[in-house]
Q: 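Let me begin by handing over the structure; questions about it come next.
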Amino acid sequence: MEKIGLKVRARAKEALENREVDEVMGWKKGEFWYDVYPVFITEANEADDLIWDAFCVNNLSKYLIQKQKENKKVGVFLKGCDSLGFNQLLKDNRIDRDQVVIYGLPCVGMVDPEKVKKEGLNKGLLEIKRSKDEITFVTKEGEKKILGRQFDYDKCLACRYPNPVVYDELLDTEIAREVSEMDRFKDVEAIEKMSITERFEYWSNQFSKCIRCNACRNICPACSCEKCVFDNVNAGVSSKASVDSEEQFFHITRAYHVAGRCVDCGECTRVCPAGIPLDQLNHKIMKDINELYGKYDAGVDVSQDAPLVTYKLDDADSFTEHGKGGK
Amino acid sequence: MQRIGVFVCWCGTNIAGTVNIEKVIAAAGEMPGVVYAKDYQYMCSAVGQNLVKNTIKEQKLDRVVIASCSPRMHEATFRKTAKVAGLNPYLVEVANIREHCSWIHKNKEEATKKAIALTRAAVAKVALNTALIAGEIGVESRALVIGGGIAGIQTALDIAEAGYEVDIIEKSPSIGGKMAQIDKTFPTLDCSACILTPKMVDVSTHPNINIYTYSELENVKGYVGNFEVTMNQRARSVNMEKCIGCGICTDKCPSKKAKSEFEEGLRNRSAIYTPFPQAIPNVPVIDREACIKFKTGKCGLCETVCPAGAIEFSQEDTKITKKYGAIVVAIGYDIIALDKFGEYAYTNHQDVITSLEFERLTNAAGPTGGKLVRPSDHKKPKKVVFVQCVGSRDKTERGKTYCSKICCMYTAKHAMLIRDKYPDIETYVFYIDVRTPGKNFDEFHRRAVEEYGVNYIKGMVGKIFPDGEKLQVHGVDALTGDTIKIDADMVVLAAATKAKEDAEDLGRKLSISTDTNNFFTEAHPKLKPVETHCAGIYLAGACQGPKDIPETVAQASGAAAKAIGLLSKDKLVNNPCISEVDEKICSGCLACTKICPYDAITSKVITFNDHGKITKRVVAQVNKALCQGCGGCTVACRPGAIDIKGFTNKQILAEVDALCR
Amino acid sequence: MKKILKSQISQLWKRINQSYELFIPIEKDNKVNFSMWQEGDQVNLEILKTNSSPKNIIFPQTETYLQFEKNGKKINMESVGGKKEAYVLFGVRPCDVVSFNLLDNVFLREPVDRFYEERRNKGIVISMACSDPEETCFCSAFGIDPENAVEGVDVATWDMGDKILWMAQTEKGKMFTQSLKDLLKEATEEDEEACVQLKNNIKEKVKNLPLSNIDMKKIDKSMKDLFESSIWEDFSAQCLGCGSCTYVCPTCHCYDIQDFDGGKSGERFRCWDSCMFSDFTLMAHGNPRKTQKERFRQRFMHKLVYYPNNHGTYACVGCGRCIERCPVHIDMVKVIKKLGGEL
Amino acid sequence: MTRVKVIPENKKNIIDKIIEMSGENIRDCMQCGKCSAGCPASDGMDLLPHQVIRLLQLGQIDRIVESKSIWNCASCFTCAQRCPRNIDIANIMEAIRLTIIRCVGNSRLKADDVPSKVDCKMPQQAIVSGFRKYNK
Amino acid sequence: MSVEAKETVMGNKNEFEPLIVAFCCNWCSYAGADLAGTSRLSYPANVKIIRVPCSCRVNANFVLRAFQRGADGVVIAGCHPGDCHYSTGNYYTRRRFSLLTNFLEYVGIEQERFKVDWISAAEGNKFATVMNDVLEKVHRLGPNRKLRDARWKR
């Protein structure tokens with residue numbers, strides 16, 4: 001991935017030098033081996049700090065909203081899942097396509113620091129390098145190579161769009177990742193098999209972990225409202241209390257609001273401080289939409305209407321007997 | 001602090017019977033914001049309304065809740081009362097404690113508790129009501145009449161007389177409808193053409209009326225006062241201006257095999273034809289299935305013989321889009337298919353005919369020039385049997401459950417005409433009951449029996465089967481209990497009427513509903529027979545239910561009066577409970593624009609001061625005239641930036657809270 | 001100095017549980033948090049930092065303190081809240097203990113917050129020295145030495161691997177140790193040497209932690225320059241405005257008071273609020289801090305400048321939770337260094 | 001001519017039993033006579049089917065019992081097929097027969113003396129309905 | 001007479017009083033409810049009706065709010081697809097609440113508690129049967145404890 005890192009730096013420098021864009025968004029290395037954070041550079045020389053490694057997991061497209069309010073022309077590096085989020089923001093008219101130059105980065109998968117820590121490999125770890133599926137752990141004592149994807153995020157293992165779906169330039173050759181469509185919603189099916197009390201136990205236990213920090217909402221590219229209903233006190237819909245019914249209300253409403261718009265990028269599960277598997281909620285709605293109204297992938301085709309803003313005369317439904325709807 | 005007045009109605013004993021009014025008043029007094037609670041036997045009466053008016057003034061109420069019958073019934077009444085008392089009419093809410101409470105629950109204690117809950121919900125909602133001013137929308141002073149039968153003609157004439165422009169759209173090549181096919185009309189026996197054709201001529205010559213025949217309605221957009229209708233005028237292949245109606249082409253046309261719809265299939269017609277001689281417009285139409293030129297490309301004889309050079313094979317269907325203020329539906333009725341009635345042998349014997357075919361047989365302009373002959377061998381029949389209620393009053397799925405209303409009268413007319421013209425022909429009528437409810441109707445029927453000697457036999461026909469030249473009719477005389485056998489020469493079946501085939505999908509285009517028999521549902525069976533639930537769309541004639549000509553004409557004038565009432569206003573007051581966008585919250589995702597059935601929401605760019613920086617942003621905006629207040633957009637709007645006045649999110653949440661207390 | 005073998009530790013929990021509520025780091029769905037101990041819970045003392053701080057025990061996220069009932073036009077009110085049962089908080093790391101003291105500065109100053117006070121008095125805090133600090137820890141920058149008993153804790157303990165050394169610090173701690181004397185054995189000399197030995201190598205480890213080289217003096221500039229520093233602009237551009245950092249932070253103490261309208265009845269409660277939210281400190285004209293830059297600046301200025309001016313100590317204990325939980329890896333140390341002009 | 005009481009009290013339960021057994025609502029019949037018109041066996045009937053239903057409606061069960069009609073009915077279901085009110089007259093006839101047969105000993109014919117009545121031209125329908133009617 | 005009234009009348013003190021909140025569309029279901037009233041049909045008094053302009057006006061928040069406030073069952077009644085006064089309103093209702101029905105069941109809420117149905121202005125008795133049927137099922141399920149806000153006292 002280092003080769004591409006050099007390309008990233010070169011491209012960013014070139015873009016800033018000849019004023020193609022006012023600003024470039026990329027990632028920068030921090031203190032620790034897993035610490036990579038988004039950075040906005042305006043000077044060509046700052047481009048040297050840009051990197052592309054196994055921890056550039058943050059989706060940069062959501063920052064475009066604020067940047068475009070300052071009507072800057074911005075260059076941005078987008079992975080596959082980021083580009084889906086970008087398209088969803090585009091569809092919601094939150095960003096203007098021609099104010100953005102997209103440099104596409106096919107992505108082999110990002111490493112989950114928790115999984116590295118779980119294996120205890122983080123002792124004295126300085127850096128992690130990755131090329132294709134071979135991961136090298138650089139520690140004080142020396143290097144260690146491990147083949148395989150056992151350290152990748154779960155969402156990367158199930159990734160269906162490794163290559164950006166929208167870009168102006170592609171900085172690497174496309175990657176092929178076959179993912180079986182069949183067990184895409186394994187997690188949902190497992191929960192659906194539970195009895196109704198088990199399911200309620202499972203979810204009320206998950207929801208009670210929530211500390212109402214809104215990280216899942218603020219990271220989500222489908223949640224881009226100017227003023228969220230939960231931030232709006234006189235919407236009279238919910239308060240900040242972390243009591244069971246408010247948490248239930250928040251999570252059901254959030255999943256319902258991103259219905260037909262969630263691009264399945266898995267960021268909500270990654271950032272949740274309490275570790276709630278929020279994508280299992282979104283997956284359920286995606287599964288239902290695919291079953292009831294035909295396969296729909298949010299963020300792939302901007303021109304296609306989202307399932308909940310269109311209809312067919314002979315739609316199935318899941319509440320009348322002849323509704324033919326899936327349960 | 002709000003000053004809410006609660007008025008509880010007894011509705012005689014309808015509410016007071018199962019709801020303890022005192023308890024409701026006591027409970028209402030306790031509710032937040034309520035400063036006055038009173039009850040009265042009949043709130044909707046003049047005394048009741050005065051009570052409200054005076055209390056509003058005395059107690060300086062700023063909101064009123066009426067706990068009475070359904071708001072669908074008297075919400076408008078109480079809003080008017082509030083307006084007269086100087087209170088904004090939209091600060092009134094009605095709690096439905098009759099249809100939804102006292103009439104449903106017998107246990108007094110439970111009904112009272114529910115009445116209190118419903119009143120509390122209304123108080124919670126009215127507390128959040130805002131004063132609304134009804135907006136105004138322009139009215140297109142032009143009416144559209146769908147269907148060119150007597151109903152459509154009468155409506156168009158009345159509206160045109162009132163000075164408004166009217167368009168008639170008729171599917172078949174000429175106006176006239178079923179009445180043009182009829183020979184004589186009951187009870188006065190005056191000739192149908194003599195009373196219809198003058199009206200048709202009036203319609204064709206009236207400056208305010210334009211007629212679109214041979215055309216169908218594609219789709220309707222818009223709302224009352226501003227309907228935008230797209231019509232598809234099918235190609236006649238004849239130039240309407242040039243054609244002088246000489247008829248040479250119809251004689252010379254070699255293809256004579258097509259069955260004439262107007263003659264109910266009793267006579268053939270040429271490929272280029274006018275349905276009947278007095279057709280308006282008297283311009284022929286080329287039936288492209290039957291025409292040899294269109295089928296094989298050879299022929300084209302009509303073009304050569306036409307003196308005016310009016311034939312234009314290249315003519316295409318044209319789409320016409322026009323704006324209308326009101327629409328009147330007058331598409332008439334059809335006769336049910338008799339193929340399922342095997343016992344009457346209609347399908348396999350030519351001499352078993354329907355009453356409409358009989359009308360054509362006895363009509364002077366008909367296939368036999370008015371001579372009554374058997375369609376099979378053109379001989380004069382000696383015995384004619386009429387069978388009533390064929391498919392009417394029938395609960396099986398072969399027929400229709402309702403009585404078709406006009407068969408008894410026209411069968412009496414047919415029998416009388418036969419006996420009058422050919423006294424030697426015996427006529428028998430098998431009936432269940434003879435229904436003659438109109439003016440001079442029963443006297444007409446008795447004349448047929450007494451003067452003209454028509455034999456009425458109370459009992460149905462069991463079976464008809466060909467027996468050599470004759471038709472054996474097996475019936476029963478329920479009064480004497482004898483089974484009867486008649487060998488008749490001809491049998492006329494009074495077949496049931498049904499709604500037009502395309503009535504349902506026309507209803508869907510106009511978003512008016514049809515009942516289980518596909519007749520259009522009127523707004524109220526007794527009080528609003530010519531209106532529909534959709535403002536601006538009216539009904540006339542048999543498309544709303546089986547009807548004879550006098551009633552149809554009466555309804556047509558009624559519908560015309562309603563349409564004129566609407567068109568006479570240059571400004572229409574529109575429903576103020578429409579949606580509104582809070583631009584501070586709207587993030588411009590425009591999901592609402594995709595939902596709106598009336599395309600009432602568009603986007604606009606606003607500039608605003610974002611903490612010192614002037615920034616531009618796309619937000620949604622609602623066209624007040626187009627929005628009908630359905631509320632679909634409010635759910636698509638996740639942050640709740642768009643809301644419906646009168647049914648805001650907070651109001652409904654307040655109602656939910658109040659009901660769950 | 002007392003000690004107890006790890007093998008007998010479960011009896012200790014049972015004993016404490018008889019007369020106290022025991023809050024201890026418990027692991028559930030591989031997240032460790034302080035929660036009430038019940039038979040069969042999986043206690044995890046090895047983990048350095050619990051997922052969110054023990055602040056939740058003494059300053060709960062949501063606390064109802066007034067309940068009212070309406071009959072007719074009259075309203076009768078009833079004050080609730082506070083904590084009646086005594087409890088023991090075991091396994092608190094020194095940085096979290098210091099955070100308790102920082103919260104005391106806020107809540108126990110006039111006017112005293114009676115709920116907080118009641119919770120504090122009812123509780124016995126037992127700290128445990130950090131045997132193996134992580135790379136995200138920087139408590140040493142704020143003068144906290146993770147190996148020693150911190151001022152204000154009732155009992156300090158050290159995890160020696162097979163046994164736990166136990167030393168009461170305050171009167172309450174002594175009384176509590178007294179009540180457990182049948183379980184706690186006297187510590188021998190070797191134990192004390194081993195403890196001193198442990199303390200030293202903890203000190204060593206802390207020294208070469210990546211983030212230990214912070215010099216807080218560099219940010220003792222005038223408040224005005226700090227306020228107008230240019231770093232807030234680019235830092236806040238990264239920040240998403242979620243509340244993770246504030247809700248896992250042991251020292252954040254801002255809260256909002258809201259009412260629950262239950263129709264006939266209802267209650268007034270206070271719940272944590274985050275200065276990062278757009279509707280924080282919502283006033284009649286809206287939130288005084290309109291953009292994310294101002295809100296971001298407020299969080300760090302409050303911890304590093306305003307609070308020290310009021311109370312003399314920094315309002316950060318260097319636990320590093322905000323570094324781990326921030327979705328975009330914004331780091332307190334980076335802010336301090338940038339503010340100090342080092343980076 | 002003695003005046004007849006409409007639906008005499010004592011006959012009420014028999015009528016309800018017949019309605020319940022046949023599952024048909026005889027009040028639905030509008031006396032249109034179509035069943036009688038089309039009934040192939042109507043020649044031999046002293047009471048035509050619609051008259052039987054009329055008598056049932058009026059509760060005159062005795063006159064029905066005396067009549068031959070219910071026994072002549074060959075259960076060919078032509079009437080049921082054509083009745084515009086969807087009433088299964090054959091079913092009602094069956095119910096009336098059953099009520100009579102169930103009064104002990106009233107069976108019109110024993111099963112074993114049916115063959116003697118049968119000649120080769122008798123349609124199977126009649127034989128089958130004969131068995132059903134007589135041997136209960 | 002509601003199910004409970006019968007029981008209380010029969011002396012067995014069953015104090016569970018189910019509460020059903022019904023959102024009825026003004027043009028069809030509300031008129032159906034009126035018709036049920038005018039034809040003096042009976043359904044239990046526990047059903048309380050809120051009038052909305054169209055079934056597409058009902059927001060998922062209202063449903064969740066009703067459950068939070070202690071409603072034991074929520075019913076949404078709209079016009080039959082194709083009959084909507086606003087022509088396309090109930091097509092969206094159908095999609096939105098098909099997803100919500102499955103989602104609530106996924107999260108562990110008994111399916112009988114949330115019913116959506118099409119009731120036209122002429123179907124008074126269907127309105128009564130749907131309400132009786134929903135109440136019967138909810139009565140068997142018992143009070144809604146899963147979604148109810150513990151702070152709400154009825």
Side-chain angles (χ1 to χ4, degrees), chain A residues 62 64-72 87-97 99 217 220-239 245 249-250 252-262 298 302-311 313-314, chain B residues 124-125 127-128 504-505 508-509 581-597 599 601-620 632-643 648-658 660:
Chain A
K62 202 164 177 187
L64 288 167
I65 301 175
Q66 184 54 32
K67 289 293 167 211
Q68 294 207 336
K69 279 197 179 142
E70 294 142 11
N71 40 52
K72 290 182 180 150
N87 270 344
Q88 188 53 46
L89 288 166
L90 211 54
K91 188 181 266 190
D92 291 344
N93 309 327
R94 301 298 284 146
I95 42 180
D96 173 0
R97 178 67 183 85
Q99 286 292 332
R217 178 195 67 181
C220 172
C223 264
S224 56
C225 289
E226 192 65 20
K227 188 152 190 49
C228 173
V229 71
F230 291 107
D231 284 349
N232 179 0
V233 173
N234 56 36
V237 163
S238 125
S239 73
S245 87
F249 186 92
F250 173 79
I252 294 177
T253 306
R254 188 197 62 75
Y256 198 67
H257 279 184
V258 297
R261 306 176 59 255
C262 161
V302 180
S303 59
Q304 193 189 4
D305 273 343
L308 282 186
V309 288
T310 174
Y311 62 88
L313 286 183
D314 57 355
Chain B
K125 182 177 181 194
L128 298 166
E504 201 183 356
D505 93 33
R508 184 160 293 151
K509 283 181 192 151
V581 176
D582 175 350
E583 282 168 4
K584 287 196 302 305
I585 298 178
C586 172
S587 39
C589 77
L590 302 180
C592 48
T593 54
K594 299 200 177 71
I595 300 277
C596 180
D599 303 333
I601 309 175
T602 49
S603 68
K604 73 174 181 192
V605 179
I606 56 167
T607 59
F608 66 102
N609 178 337
D610 177 10
H611 321 307
K613 282 200 295 296
I614 304 298
T615 39
K616 284 209 292 300
R617 200 154 56 104
V618 171
V619 287
C633 53
T634 57
V635 178
C637 178
R638 304 177 306 284
I642 198 167
D643 215 343
T648 62
N649 290 330
K650 292 197 79 168
Q651 277 177 320
I652 297 182
L653 289 176
E655 274 186 280
V656 168
D657 286 2
C660 293

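In this text the structure is predicted, and so the values were computed from the model without any measurement. Just so we're on the same page: letters track the sequence lines, and every chain starts at 1.
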Q: Name the residue from A:L308, A:T310, A:V309 that meets the side-chain contact (heavy atoms from CB on, under 4.5 Å) definition with B:I595.
A: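 Among the candidates, only A:V309 passes.
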
Q: So, taking the atom named CZ in B:R617 and the one named CZ in A:R94, what distance separates them when rounded to the nearest 0.5 Å?
A: 7.0 Å

Q: At a 4.5 Å cut-off on heavy atoms, which part of B:C586 comes close to chain A: side chain, backbone, both, or neither?
A: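 Backbone only.
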
Q: Roughly how far apart are B:D582 CG and A:N234 CG, rounded to 0.5 Å?
A: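 It is 8.5 Å, given to the nearest 0.5 Å.
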
Q: Please flag which part of B:L653 lies under 4.5 Å from any non-hydrogen atom of chain A: side chain, backbone, both or neither.
A: side chain

Q: Relative to chain B, which segment of A:N71 carries a heavy atom at a distance below 4.5 Å: side chain, backbone, both, or neither?
A: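 For A:N71, neither part sits under 4.5 Å from chain B.
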
Q: Indicate yes or no: at least one non-hydrogen side-chain atom of A:E226 is less than 4.5 angstrom from one of B:P639.
A: no

Q: Let me know if B:K616 has heavy atoms under 4.5 Å from chain A in its side chain, its backbone, both or neither.
A: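 When you check distances to chain A, no heavy atom of B:K616 falls under 4.5 Å.
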
Q: How close do B:R638 and A:R261 get, heavy atom to heavy atom, and via which atoms?
A: NH2-NH2, 3.0 Å

